[in-house]
Amino acid sequence: MSVVRPAAGLATGHPLPPLPEGRQAVGRSVLTEGTLAMLVTDVDLQGEHRRVNDAWRSSIPPDPPARLWELAANGVGRLLLARPKEWDEGASFPLETPFPLCDRFSDGRWLIVKSRARDATNARVLSPEGALVQRFRLGDGIEHVAIDADDRIWVGWFDEGVVGNDNWRLPGHDWAPSSNGVACFAADGPLLSLPDWPDGTSIIADCYAQNVTGSGAWVCPYTEFPLVCFEPDHPTRWWRSDVAGAKAIAVDGRHALLAGGYREDAARLALVELAGEGDGEQASLLATWIMPLRRLPPPSNDWAPVWDAPDLLVGRGGVLHLIVDHRWYRWHVETVVAAWRRDQSPTG
């Protein structure tokens, strides 16, 4: 099935307000109720990233060496919440890391996580005003962090986290929690569960996509990209999928939207149907569209990207979120399904 139709017409979206003067974005997340949170800072991490990347692309080590951690150690982070025409300013706190992830608990406290962990306690809980409440460990190599409606913390790791964290052990466990690819923690840090991967799935090497819903989490992991649903106190459900490389997933009832893929498919938005009870059935691909990403110059090799990476691509519940060119797009699964059904109708 070829990807030919633009997806922007199926989305709701609007331009984001300009950031406060002197601030730049260093992290973005969609909270459980659908609010967009932007983590900004007063130090030039973007410029330092460009300097370091330009040096390595020229096969010359950066001189001076990368200063990302030094800059972050002296930076101040501030959380902003998106409103139609302005930002609501929230907690302010020491940034500490150039690679932060964030989400909010139901009582207004914030979770700030270092995705690359130089120290054991890489997660901070902050008061609504930004005061430090607690620190604990969630491990290195984190791809996704999100909080569900019951204030459980769901973590998904990329490959370096899955095979790393060799010095992280919890009582009663022979391996680091990250070796499972996905884990669920209490709001104050203790491990709650290592979800069971179903028989029939391949080795989990990287949690490419994760969607934390009201009561659990959906994931789409490398290597074979099954669609897997974890809910505490319920059996794991899963479906096989032929949509390789998806980086985000949104689910509503019997349908899911999968966004992303490899090379040309990085701009793909795919609608699939989840038939059966979740016992390894095949997810049926119904339709595909192109998301409004920026196309890059012709690639120099077979591995170079074709599309520029978006600022944010994530699913929460039944909504898929994309931020590109300072515009926030949202695809609701039920809306896309309705549009697809109209396309299938003889009367159009």
Side-chain angles (χ1 to χ4, degrees), residues 29 31-32 101-107 109 111 113-115 117 120-125 134-239 249 251 256 274 277-280 314-317:
S29 66
L31 310 182
T32 186
L101 300 169
C102 64
D103 204 349
R104 187 173 64 182
F105 293 101
S106 60
D107 62 1
R109 291 175 303 147
L111 177 68
V113 178
K114 300 176 183 179
S115 62
T121 53
N122 63 313
R124 285 179 286 169
V125 177
Q134 186 183 10
R135 293 182 185 266
F136 50 83
R137 186 173 189 174
L138 292 178
D140 181 41
I142 294 175
E143 181 79 15
H144 308 281
V145 166
I147 298 167
D148 69 17
D150 295 315
D151 281 340
R152 294 176 294 232
I153 302 167
W154 292 85
V155 181
W157 290 267
F158 57 84
D159 52 0
E160 292 183 38
V162 174
V163 301
N165 295 301
D166 291 338
N167 63 344
W168 187 20
R169 293 292 185 274
L170 297 179
H173 296 274
D174 295 331
W175 302 95
S178 56
S179 66
N180 194 60
V182 177
C184 182
F185 297 83
D188 56 350
L191 178 67
L192 291 178
S193 69
L194 293 174
D196 292 327
W197 291 101
D199 294 337
T201 57
S202 61
I203 294 174
I204 308 305
D206 191 315
C207 185
Y208 266 42
Q210 176 178 286
N211 176 352
V212 172
T213 64
S215 59
W218 285 81
V219 298
C220 183
Y222 179 81
T223 59
E224 293 183 354
F225 304 103
L227 310 180
V228 187
C229 179
F230 298 124
E231 291 185 86
D233 303 320
H234 289 81
T236 299
R237 295 184 294 140
W238 73 288
W239 287 260
I249 176 175
V251 183
L274 307 174
E277 299 302 318
D279 192 24
V314 69
R316 285 304 296 254

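Numbers here simply count residues along the sequence, with the first being 1. The basis for the numbers below is simple: all heavy atoms, side chains too, and nothing from hydrogens, waters or symmetry mates.
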Distance in Å, [X] [atom1] paired with [Y] [atom2], rounded so as to fall on 0.5 Å steps:
{"X": "Leu111", "Y": "Ile147", "atom1": "CG", "atom2": "CD1", "value": "5.0 Å"}
{"X": "Leu192", "Y": "Phe185", "atom1": "CG", "atom2": "CZ", "value": "8.5 Å"}
{"X": "Ile142", "Y": "Leu101", "atom1": "CD1", "atom2": "CG", "value": "7.0 Å"}
{"X": "Phe136", "Y": "Asn122", "atom1": "CZ", "atom2": "CG", "value": "9.0 Å"}

Check: Asp150 side chain, Arg152 main-chain N or O, donor-acceptor pair, under 3.5 Å: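 No, Asp150 side chain to Arg152 backbone: no donor-acceptor pair under 3.5 Å.
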
When you measure from the side chain of Asn211 to the backbone of Ile249, do you find a donor-acceptor pair of N or O atoms at a distance under 3.5 Å?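 A pair under 3.5 Å: yes.
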
For the residue pair [X] and [Y], what are the closest heavy atoms and their distance?
{"X": "Arg169", "Y": "Ala176", "value": "NH1-N, 3.6 Å"}
{"X": "Ala146", "Y": "Asp103", "value": "CA-OD2, 3.3 Å"}
{"X": "Asp140", "Y": "Ser115", "value": "OD1-O, 3.6 Å"}
{"X": "Pro177", "Y": "Leu194", "value": "O-CD2, 3.7 Å"}
{"X": "Leu138", "Y": "Ala123", "value": "CD1-CB, 3.8 Å"}
{"X": "Gly181", "Y": "Cys207", "value": "O-CB, 3.8 Å"}

Would you indicate whether the side-chain heavy atoms of [Y] and [X] approach each other to under 4.5 Å?
{"X": "Val314", "Y": "Ser29", "answer": "no"}
{"X": "Val155", "Y": "Val113", "answer": "no"}
{"X": "Ile204", "Y": "Val162", "answer": "no"}
{"X": "Trp168", "Y": "His173", "answer": "no"}
{"X": "Val212", "Y": "Arg316", "answer": "yes"}

Is the ring centre of Trp197 less than 6.0 Å from the ring centre of Phe230?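 They qualify: ring centres under 6.0 Å apart.
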
We want to know whether Asp151 and Ser106 form a side-chain donor-acceptor pair, criterion being a heavy-atom distance below 3.5 angstrom.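 Distance-only check passes for Asp151 and Ser106.
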
If you look only at pairs with a residue in residues 154-165, which of them pass as a side-chain hydrogen bond (donor to acceptor under 3.5 Å, both in side chains), with sequence neighbours excluded?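 For residues 154-165, and leaving out neighbouring residues, the side-chain hydrogen bond (donor to acceptor under 3.5 Å, both in side chains) pairs sorted by first residue read Arg116-Glu160, Asp148-Trp154, Asn165-Ser178.
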
Check the angle between the aromatic planes of Tyr208 and Phe225 and answer parallel, tilted or perpendicular using the 30° and 60° thresholds.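 Taking Phe225 first and then Tyr208, their aromatic rings stand perpendicular (interplane angle over 60°).
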
Does a sphere of radius 6.0 Å around CD1 in Ile203 hold more than 12 heavy atoms from other residues, nucleotides or ligands, not counting ones at 6.0 Å or beyond?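 It does not: Ile203 CD1 has 12 such atoms or fewer within range.
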
With sequence neighbours left out, what residues match Glu231 under side-chain hydrogen bond (donor to acceptor under 3.5 Å, both in side chains)?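 Partners of Glu231 under the side-chain hydrogen bond (donor to acceptor under 3.5 Å, both in side chains) test: Ser215.
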
Show me the pairs that pass salt bridge (charged side-chain N to carboxylate O under 4.0 Å, His left out) and involve residues 185-200, at least two apart or across chains.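 Every candidate salt bridge (charged side-chain N to carboxylate O under 4.0 Å, His left out) pair involving residues 185-200 fails, so no pair, neighbours aside, qualifies.
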
